[in-house]
Each structure stands twice: as C-alpha cells, then as structure tokens.
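As the structure lists them, so they are numbered: ligands from 1, and atoms in each ligand from 1.
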Amino acid sequence: MDHDCLFCRIVAGEIPATIVHETETTLAFRDIDPKAAVHVLVIPKEHYADVVALAGDPAASADLLAAASSVAEGEGLTGDGFRVLFNTGRFAGQEVFHVHAHVLGGEPLGPMLALR
Ligand code: AMP
C-alpha cells in the first residue's frame, strides 16, 4: 500500500467510498464527481500507477476487466451500452495515479471525445 495514494487509502478503509462491487483483488466504487448517470471506478487493490504498469501483470489486468464487466452488469448497463476508459498521463488528464477503469453509462454518452 502507498499511504500517499488516495485509492490505496480507500482500499484500506481509511477514506469512505460508496462501494458497489468487490473481489479478492479489485474494488469498485462510485465516482465522487460523476460525469454520467452511472459512473463507477474499478481499481485493483494492489497499487499500479496506470494501465501501462497494470498490463505488466496479466492476471491483475484480467481481474480488473472482469470486475468492470460485472459492474456494468450489476448497474444494468449491458442492454443499452456503456463506456470503459482509462485516463493515462498528462494528455488524458489523469488525476489519480492508481489505475482505475471509469465505467460510464445509464444515459447516452455523446461523442467519445469532446475535442472533435
Ligand atoms: P482520472 O482523471 O482518470 O485520474 O480520474 C480520477 C477520478 O477520481 C475523477 O473522476 C474523480 O472525480 C474521482 N475521485 C477523486 N476522489 C475521489 C474519491 N474520494 N472517491 C471517489 N472518486 C474520487
């Protein structure tokens, strides 16, 4: 655990979160500032800074993807569709350097990127 990492502290129970799904290796909780009707963050409990670091651990990567899929099912998103994204680094505006999949849905999400 990285004690300076916000999401490690959520995993440790030091910071409250609205948890919607949990496995031995993953945790999913509602985004504090939702960008869609449903906005859940899915993280590995172990600390990886970003999706590039996570990709070095195939088992952890598979667990995260499976958890994101379970969240989408649990939130009732699979019928109309949903979006999963990983902001990575400066150009993407990554704010929290503990890898997290954003699971977004519950309403039409508009174009993939606002810039184009
Ligand atoms: P990113 O820009 O991809 O790093 O996304 C970080 C996300 O974490 C943002 O959508 C924030 O709203 C969200 N966030 C920040 N602090 C918390 C928190 N304490 N609980 C839940 N979500 C948070």
Side-chain angles (χ1 to χ4, degrees):
M1 173 184 171
D2 177 347
H3 289 275
D4 295 326
C5 169
L6 174 64
F7 289 175
C8 282
R9 296 187 67 195
I10 287 177
V11 171
E14 294 177 5
I15 292 175
T18 304
I19 293 167
V20 298
H21 186 267
E22 182 169 12
T23 68
E24 199 177 319
T25 57
T26 68
L27 191 68
F29 50 90
R30 298 206 186 279
D31 196 291
I32 204 168
D33 181 17
K35 312 298 188 299
V38 176
H39 187 174
V40 175
L41 303 177
V42 188
I43 68 170
K45 289 181 176 176
E46 198 171 323
H47 184 89
Y48 300 91
D50 59 23
V51 74
V52 177
L54 179 68
D57 185 335
S61 302
D63 285 356
L64 191 70
L65 198 58
S69 178
S70 294
V71 166
E73 285 176 356
E75 296 289 320
L77 305 181
T78 54
D80 288 325
F82 60 98
R83 186 171 289 156
V84 179
L85 70 85
F86 293 90
N87 288 322
T88 307
R90 185 164 59 93
F91 276 14
Q94 184 178 1
E95 293 173 356
V96 178
F97 286 81
H98 180 131
V99 66
H100 46 283
H102 294 259
V103 177
L104 299 148
E107 62 185 343
L109 296 171
M112 188 165 67
L113 293 176
L115 294 178
R116 294 182 195 277

Which heavy atom of the protein is the closest neighbour of [atom], given with residue, atom name and distance?
{"atom": "atom 16 (N) of ligand 1", "value": "Leu6 CD2, 3.3 Å"}
{"atom": "atom 2 (O) of ligand 1", "value": "Gly93 O, 3.2 Å"}
{"atom": "atom 9 (C) of ligand 1", "value": "Asp31 OD2, 3.3 Å"}
{"atom": "atom 4 (O) of ligand 1", "value": "Glu95 N, 2.7 Å"}
{"atom": "atom 14 (N) of ligand 1", "value": "Ile32 CG2, 3.7 Å"}

Numbered atoms and elements of ligand 1 in range of [X], under 4.0 angstrom, heavy atoms:
{"X": "Phe29", "result": "21 (C)"}
{"X": "Asn87", "result": "1 (P), 2 (O), 3 (O)"}
{"X": "Gln94", "result": "2 (O), 4 (O)"}
{"X": "Arg30", "result": "21 (C)"}
{"X": "Leu41", "result": "8 (O), 13 (C), 22 (N)"}
{"X": "Asp33", "result": "12 (O)"}

Atom [atom1] of [X] and atom [atom2] of [Y]: how far apart are they, to the nearest 0.5 Å?
{"X": "His47", "Y": "Phe7", "atom1": "NE2", "atom2": "CZ", "answer": "11.0 Å"}
{"X": "Arg9", "Y": "Asp2", "atom1": "CZ", "atom2": "CG", "answer": "10.5 Å"}
{"X": "Met112", "Y": "Arg83", "atom1": "CE", "atom2": "CZ", "answer": "7.0 Å"}

Kindly confirm or rule out an N or O of [X] lying under 3.5 angstrom from an N or O of ligand 1.
{"X": "Phe7", "value": "no"}
{"X": "Val96", "value": "yes"}
{"X": "His100", "value": "yes"}

Exercise. Pro44 pairs by side-chain contact (heavy atoms from CB on, under 4.5 Å) with which of Thr23, Leu54, Val11?
Worked result: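 Among Thr23, Leu54, Val11, the one that satisfies the side-chain contact (heavy atoms from CB on, under 4.5 Å) with Pro44 is Leu54.
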Determine whether a donor-acceptor pair (N or O, by modelled atom type, separation under 3.5 Å) exists between the side chain of [X] and the backbone of [Y].
{"X": "Glu22", "Y": "Glu24", "answer": "no"}
{"X": "Ser61", "Y": "Asp57", "answer": "yes"}
{"X": "Glu95", "Y": "Asn87", "answer": "no"}

Exercise. Does any non-hydrogen side-chain atom of Val103 lie less than 4.5 Å from one of Val38?
Worked result: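 Counting from C-beta outward, Val38 and Val103 never come under 4.5 Å.
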Exercise. For the residue pair His100 and His102, is the inter-centroid distance of their aromatic rings smaller than 6.0 Å?
Worked result: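 Judged by ring-centre distance (under 6.0 Å), His100 and His102 do meet the cut-off.
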